[in-house]
Structure formats: structure tokens, C-alpha cells
**Student:** 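First the structure, which I've put down as C-alpha cells, then a few questions once you've had a look.
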Number of protein chains: 2
Amino acid sequence: MFQVPTKTQYAIRALVHLVRTKSASVASIAEAEHIPFKYLEAIFGQLKSAGLLIADRGRSGGYRLARAPELILMSEVVKATEGDITPVGCLDDAGFCIVSEACLPRRFWFGLKRTVDAYLESVTLAEIAEPGFLPAPDPSQKESAAAKD
Amino acid sequence: MFQVPTKTQYAIRALVHLVRTKSASVASIAEAEHIPFKYLEAIFGQLKSAGLLIADRGRSGGYRLARAPELILMSEVVKATEGDITPVGCLDDAGFCIVSEACLPRRFWFGLKRTVDAYLESVTLAEIAEPGFLPAPDPSQKESAAAKD
DNA sequence: GCATATTCAGATCAATCAAGTAGGAATTTA
DNA sequence: TAAATTCCTACTTGATTGATCTGAATATGC
Ligand code: FES
Ligand code: FES
């Protein structure tokens, strides 16, 4: 269920880039981060609409962060590129289930959503832009084990 | 990034159904759970290949769980319907990044994957098939503003 | 002023995937 | 043997993703 769209990956890489260079044009970021220029342009439009970026138009213009990276939650970034993340459709409107009104699977999905939201809200842009960041303190990192089977 | 496919939702609903009725045909489950018959047939093929279901062919046949529901993790169910969930593409092969080998966004995505995996592995099919299950003990259920401890 | 570098806005397009359909073969039982 | 089932393969359809194209609006430097 769960592949992060390149749009979001691009957005985060670009934002991380902007944390270091205080201001930069889309063209320069696109080249440095190997992101399609026109695509990144559209993405930055979204990030600006979401209030995460400020644009300086005209010659020698560019984009800069609207806030300090410590104040930008990753949940905001994800919400800016993708819409509001709703795990299951039957959670949509009034939260009713077709099958039964006391739907147990629904609770399961809700718990998953809460888990993901909590993680995304626990990390700021500043944290992933600077070295020394690692979310979970699990010593046994099975990075390669995840890709093996 | 994160909409659960109906295939997975169907699979879970059908499995929950199978926890109660020890054995049932695809047709009966499809009707009871309002799932397209042919679609559920295909899904059950996957669940059987994954070793979660056992099929009894022929007349008065049907499907039954291969194990007790207490021994079926939700992570197995999800992995059966969808493939192995890989959040970002650049995490694919050797785990290298195009941009830099010490990629910080990559850690962020990895943390997200670990978080989701941990949740999916913490819930069994038996738990979501019986009443009285609620993963997070948060009394104030708010959809948008989740737990910000 | 004018060329130039930028953001901005809109349409468009190809590829992929999700969701569902269709037809029929194989298998077991009544 | 007939009916009910699983099984298998292919197809269709619609939405989404990822990206491109065209060009306008805007500001700066010279
Ligand atoms: S609310 Fe989604 S299956 Fe019940
Ligand atoms: S590994 Fe994905 S952006 Fe670096």
C-alpha cells in the first residue's frame, strides 16, 4: 500500500537543499538534486501554496523557506505534496462502514493512520537536513535484510 | 502517499469473515461482505499462495484459514496482497542514493517503514476479528490532530 | 528601456497501476 | 453425471503518476 511518490521525495530533497542554501532558484536546485526542472517547478508551486515556501520573482529571484526548518513538520510537507492522507475510503465522510457500523477493520486502519501521522509529526525538516538524525533507536538495523526477501 | 488499496481491505474483511465461519466459499463471502465475486476469487488465490489460506476444491469446497488467527500477523496479510512494501525507490537495490551515499532523507523514509512495519506486526488477525480491539489507548479520537506527545 | 532570469499558470501526454470483468478449465462431491 | 466449487489466463477501463510544453507575468541589472 505504500510507495512514496517521487513528487514527495523530490519535495523533501529540494527542501533539504533549501535549508543549506538560504535561497535558490528552481533551476539550480533541479540540477544539483537531479530533479526534472519543470516538475520541480510545479512542486514548488504546491509548496508555496501550502505556505512552506516564499517566492521572490524576477531576475535573481528564487525560493526560500517560509519558516525556520525547525518549525516545519514533515507531516506538513507530505500534506502539501499529496492531499490529506486518508488510508481507507470507508473512512471518508461520516466514518460509516458499508458492512457494519461497528467495523473492526476500520479501527485497525485508524490505528495505522495514527501511527503514521505521529511519526510524520515527530520529525522536523531541520532534523533530516542535518547529520546525526536517526528516528528509531533500534541498534540492529536490518537494512539489507529488508531488501533480501 | 498512503491509500490502502481496496484489494487489501477486501482481503482483511474476507479473512475476518473466515475467522467466524470456519470454512466458506468465495461466493458466500463475496455476497456477505459486498465484495465483487471474481475479484475476491483472485485475491484468495494470492492469499492461498502466501500460505494464509487452504482451499478445498470441488463441490461443497471452500476456503479456510491455514493457521489459527492468533498466529496470522497483519503484516503477512498486507504482504500477501501487495508485494513487499518499499517506501522509496532509491531504497531498492543496494540501498544507495543518487544524490549522496549518506542520504538523510533516506533515513527518514526508513524510519517510516520501520514504524509501519512495527504496527502491522503488532496486530494479529484474531485481534481485529473480535470486539474489544483498539490499538492506541487514546481516549480523545481526533482525526486530524493526532497524538502529539 | 531592454534583455534576461526568474516565478507562475494551464494544458497536454505517455506510462503505469488499480479495480474489476470475462470465459472457461480442472476438480471434487452429491 | 451434474452441480458446485477452486483455479487460470487474459482483457478492459479508469484514474493516477510523472513529466513536458507553451507561454505569460514579474522583477532585476545593465
Ligand atoms: S469501515 Fe472500512 S471495512 Fe468497515
Ligand atoms: S536515498 Fe532516496 S533521496 Fe537519497
Side-chain angles (χ1 to χ4, degrees), chain A residues 1-14 18 21 23-31 33-66 78 81-90 98, chain B residues 1-14 18 21 23-31 33-50 52-66 78 81-83 85-90 98:
Chain A
M1 74 242 206
F2 181 14
Q3 197 169 3
V4 177
T6 61
K7 184 197 279 190
T8 303
Q9 301 179 47
Y10 287 164
I12 292 180
R13 295 224 310 263
L18 266 183
T21 76
S23 177
S25 69
V26 173
S28 66
I29 300 177
E31 191 190 3
E33 295 285 337
H34 301 96
I35 300 171
F37 167 61
K38 275 296 178 185
Y39 199 24
L40 186 57
E41 216 177 14
I43 295 170
F44 268 27
Q46 284 188 258
L47 294 178
K48 183 201 162 200
S49 297
L52 295 177
L53 290 182
I54 290 176
D56 299 310
R57 302 184 65 169
R59 184 171 180 159
S60 79
Y63 281 95
R64 54 198 159 89
L65 293 178
V78 169
T81 59
E82 319 162 27
D84 229 331
I85 40 180
T86 303
V88 285
C90 34
I98 324 150
Chain B
M1 76 245 217
F2 178 12
Q3 197 170 1
V4 177
T6 61
K7 184 197 279 190
T8 304
Q9 301 179 46
Y10 288 164
I12 292 180
R13 295 225 310 261
L18 266 182
T21 77
S23 176
S25 69
V26 173
S28 66
I29 300 177
E31 191 189 3
E33 295 285 337
H34 301 97
I35 300 172
F37 166 62
K38 275 296 183 183
Y39 198 24
L40 185 57
E41 215 178 17
I43 293 171
F44 269 27
Q46 283 188 259
L47 294 178
K48 183 201 163 200
S49 297
L52 297 178
L53 290 181
I54 290 176
D56 299 311
R57 302 184 65 169
R59 184 171 179 155
S60 80
Y63 282 97
R64 53 198 160 91
L65 292 178
V78 169
T81 59
E82 318 162 29
I85 40 179
T86 303
V88 285
C90 33
I98 325 149

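What you see is a predicted model; the values in this text were computed from it and never measured. Atoms considered below: every heavy atom in the structure, side chains included; atoms not considered: hydrogens, waters and symmetry mates.
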**Student:** Tell me the closest heavy-atom pair linking Q46(B) and K7(B), and the distance in Å.
**Tutor:**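 Distance-wise, the nearest heavy atoms are OE1-NZ, 3.0 Å.
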**Student:** Want to settle it: does S60(A) or A55(B) sit nearer the 5' end of DNA chain D, counting the closest nucleotide to each?
**Tutor:**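 Taking each residue's closest nucleotide, the earlier one in sequence belongs to A55(B).
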**Student:** Whole angstroms only, please: what is the CG-C1' distance between L53(B) and dC7(D)?
**Tutor:**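 The answer, rounded to whole Å, is 14 Å.
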**Student:** Nearest whole angstrom, please: distance from the P of dC8(D) to the CZ of R57(B).
**Tutor:**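 So the two atoms are 7 Å apart, to the nearest Å.
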**Student:** Just how far, in rounded Å, is P of dG20(C) from CZ of F37(B)?
**Tutor:**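 Result: 15 Å.
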**Student:** To the nearest Å, give me how far apart OH (Y39(A)) and P (dC8(C)) are.
**Tutor:**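 Those two atoms, OH and P, are 18 Å apart.
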**Student:** Considering non-hydrogen atoms only, spot the tightest contact between G45(B) and Y63(B) and give its length.
**Tutor:**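 Looking at all heavy atoms of both residues, the shortest contact is N-OH, 4.4 Å.
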**Student:** So F44(B), base contact, sugar-phosphate only, or nothing? Heavy-atom distance under 4.0 Å.
**Tutor:**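 Touches nothing.
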**Student:** On DNA chain C, does the nearest nucleotide to E41(B) precede the nearest nucleotide to K48(A) from the 5' side, or the other way round? Give the residue.
**Tutor:**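 Going by which nucleotide is closer to the 5' end, it is K48(A).
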**Student:** Classify the side chain of K38(B) versus the base of dG23(C) as yes if they form a donor-acceptor pair under 3.5 Å and no if they do not.
**Tutor:**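 Flag set: donor-acceptor pair detected.
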**Student:** Quick one: Q9(B) CD to dA18(C) P, roughly how many Å, whole number?
**Tutor:**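 These atoms are roughly 13 Å apart.
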**Student:** From dT7(C), dT5(D), dG18(D), pick the nucleotide closest to the side chain of T6(A)?
**Tutor:**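 Nearest to the side chain of T6(A) among the choices is dG18(D).
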**Student:** Go through the N and O atoms of the side chain of R59(A) and the base of dA3(C), and report whether any donor-acceptor pair is under 3.5 Å.
**Tutor:**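 Side chain to base: no pair below 3.5 Å.
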**Student:** I'd like to know if the side chain of Q9(B) reaches the main chain of V4(B), judged simply by a donor and an acceptor atom lying under 3.5 Å from each other, with no hydrogens or angles considered.
**Tutor:**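 Flag set: sc Q9(B) to bb V4(B) pair under 3.5 Å.
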**Student:** Round to the nearest Å and state the distance from I54(A) atom CD1 to dT7(C) atom P.
**Tutor:**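 Atom CD1 in I54(A) sits about 14 Å away from atom P in dT7(C).
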**Student:** Is the phosphate of dA18(C) approached by K7(B) (side-chain N or O, under 4.0 Å from OP1 or OP2)?
**Tutor:**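 Looking at the OP1 and OP2 atoms of dA18(C), neither is under 4.0 Å from any side-chain N or O of K7(B).
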**Student:** Could you state the atom-to-atom distance from CZ of F2(B) to P of dT17(D) in whole Å?
**Tutor:**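 Between P of dT17(D) and CZ of F2(B): 15 Å.
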**Student:** Is V78(B) close to F2(A) at the side-chain level, that is, under 4.5 Å between some pair of heavy atoms?
**Tutor:**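 A side-chain contact is absent here, since even the closest heavy-atom pair is not under 4.5 Å.
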**Student:** Please name the residue in the list L65(A), L18(A), L47(A) that meets the side chain to side chain contact (heavy atoms under 4.5 Å, CB included) test with L52(A).
**Tutor:**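 The single option meeting the side chain to side chain contact (heavy atoms under 4.5 Å, CB included) with L52(A) is L47(A).
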**Student:** Nearest whole angstrom, please: distance from the C1' of dA9(C) to the CD1 of I43(A).
**Tutor:**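 In whole Å, dA9(C) C1' lies 16 Å from I43(A) CD1.
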**Student:** Which sits closer to the 5' end of DNA chain D, V26(B) or T8(A), going by the nucleotide each is nearest to?
**Tutor:**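 Closer to the 5' end of DNA chain D: V26(B).
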**Student:** Looking at Y63(A), I'd like to know whether one of its side-chain N or O atoms comes within less than 4.0 Å of OP1 or OP2 on dT6(C).
**Tutor:**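 No, Y63(A) has no side-chain N/O under 4.0 Å of OP1/OP2 on dT6(C).
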**Student:** Check this one for me: any side-chain N or O of S49(B) less than 4.0 Å away from OP1 or OP2 of dC7(D)?
**Tutor:**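 For S49(B), the contact criterion (side-chain N or O under 4.0 Å from OP1 or OP2 of dC7(D)) is not met.
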